[in-house]
Amino acid sequence: MIRLFPLPCLLLVAALSVPVFAQDRVVIQAENVRYDYAQVLRVTPVYQTLTATRVEERCDQTPRPEDEGDSRLSRMVGAVKDVFTRGNDEADEDAGAATTANCRSVPVEREFQRPIAYDVDYLYKGAKFRSRLPEDPGNRLRIRVSITPVATSVERP
């Protein structure tokens with residue numbers, strides 16, 4: 001009868017048991033990534049509303065009450081004189097004398113809207129998606145497609 005040495009037998013048993021231990025481990029595959037293009041269906045800008053306050057000077061101009069002593073002739077002469085002296089400092093002084101200015105500082109609020117992002121609806125392989133992007137992508141959108149298989153755990157009795 002052939003007698004086997006204990007060391008080679010142990011090595012043979014150890015070599016056969018390695019695949020059994022490997023089945024208990026879950027190996028996660030590296031991520032598969034590729035790039036493709038999707039068709040853009042709609043782009044909706046998202047606005048931020050800003051309010052700015054500025055102080056402006058407002059003047060209420062009230063006409064000077066007419067004097068009872070002014071005649072029509074003197075008013076007509078004054079009007080003709082204003083036409084010929086327009087652009088001179090005297091005309092500005094006469095206009096200031098004709099009206100009384102009541103000026104005050106008034107805060108004025110103004111609203112501004114600016115786009116801060118874009119909601120993009122796009123179609124890729126029959127499925128619709130929506131993303132918020134910092135820029136308008138145009139008619140097509142470059143997308144990153146990542147495929148990773150799901151590792152299911154196998155329950156053993």
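Both backbone and side-chain heavy atoms feed into the values below; hydrogens, waters and symmetry mates do not.
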Scanning both residues in full, the closest heavy-atom pair of Leu123 with Gly126 reads CD1-C, 3.7 Å
- Task: With the side chain counted from C-beta on, respond yes when Arg130 and Val120 share a heavy-atom pair under 4.5 Å apart, and no when they do not.
- Result: no
Of all heavy-atom pairs linking Ala38 and Tyr122, the shortest is CB-CD1, 3.6 Å
d(Gln113 CD, Thr49 OG1) to nearest 0.5 Å is 4.0 Å
**Asked** Side chains of Asn32 and Ser146: closer than 4.5 Å at any heavy-atom pair?
**Response** no
The reported gap from CD1 in Ile143 to OG in Ser131 (rounded to nearest 0.5 angstrom) is 9.0 Å
### Close side-chain approach of Asp36 to Arg142, heavy-atom, < 4.5 Å
no
- Query: Got Val55 and Val106 here, is their nearest side-chain heavy-atom distance under 4.5 Å?
  - Reply: no
Next item on the list: Verify the cluster assignment for Tyr37 and Phe129: are they in a single hydrophobic cluster under the rule of side-chain heavy atoms below 4.5 Å apart?
Entry: no
d(Lys128 NZ, Arg42 CZ) to nearest 0.5 Å is 8.5 Å
One should read off an interatomic distance between Tyr35 OH and Arg144 CZ, to the nearest 0.5 angstrom, of 5.5 Å
So CD of Glu111 and CD of Glu109: to nearest 0.5 Å the spacing works out to 8.0 Å
Contacts of Tyr47 meeting ring pair (Phe, Tyr, Trp, His ring centres under 6.0 Å) (sequence neighbours excluded), chain-then-number -> none
inquiry  = Could you go through Gln39 and Asn139, starting from their C-alpha distance and side-chain angles, then the distance that decides it, and tell me whether this counts as side chain to side chain contact (heavy atoms under 4.5 Å, CB included)?
reply    = CA-CA 6 Å; Gln39 179 186 359; Asn139 293 332; over 6 Å; no
Does this structure show an ion pair linking Arg110 with Glu56, if we count only N-O contacts that are shorter than 4.0 Å? yes
In terms of heavy-atom contacts, Val145 and Tyr124 come closest through CG2-OH, 3.6 Å
Do Asp136 and Val43 touch side chain to side chain, with heavy atoms closer than 4.5 Å? yes
Closest non-hydrogen atoms of Phe112 and Ala52, given as atom of the first, atom of the second and distance, are CE1-CB, 3.7 Å
Rounding to 0.5 Å, atoms CG (Leu133) and CG (Asp119) come to a distance of 8.5 Å
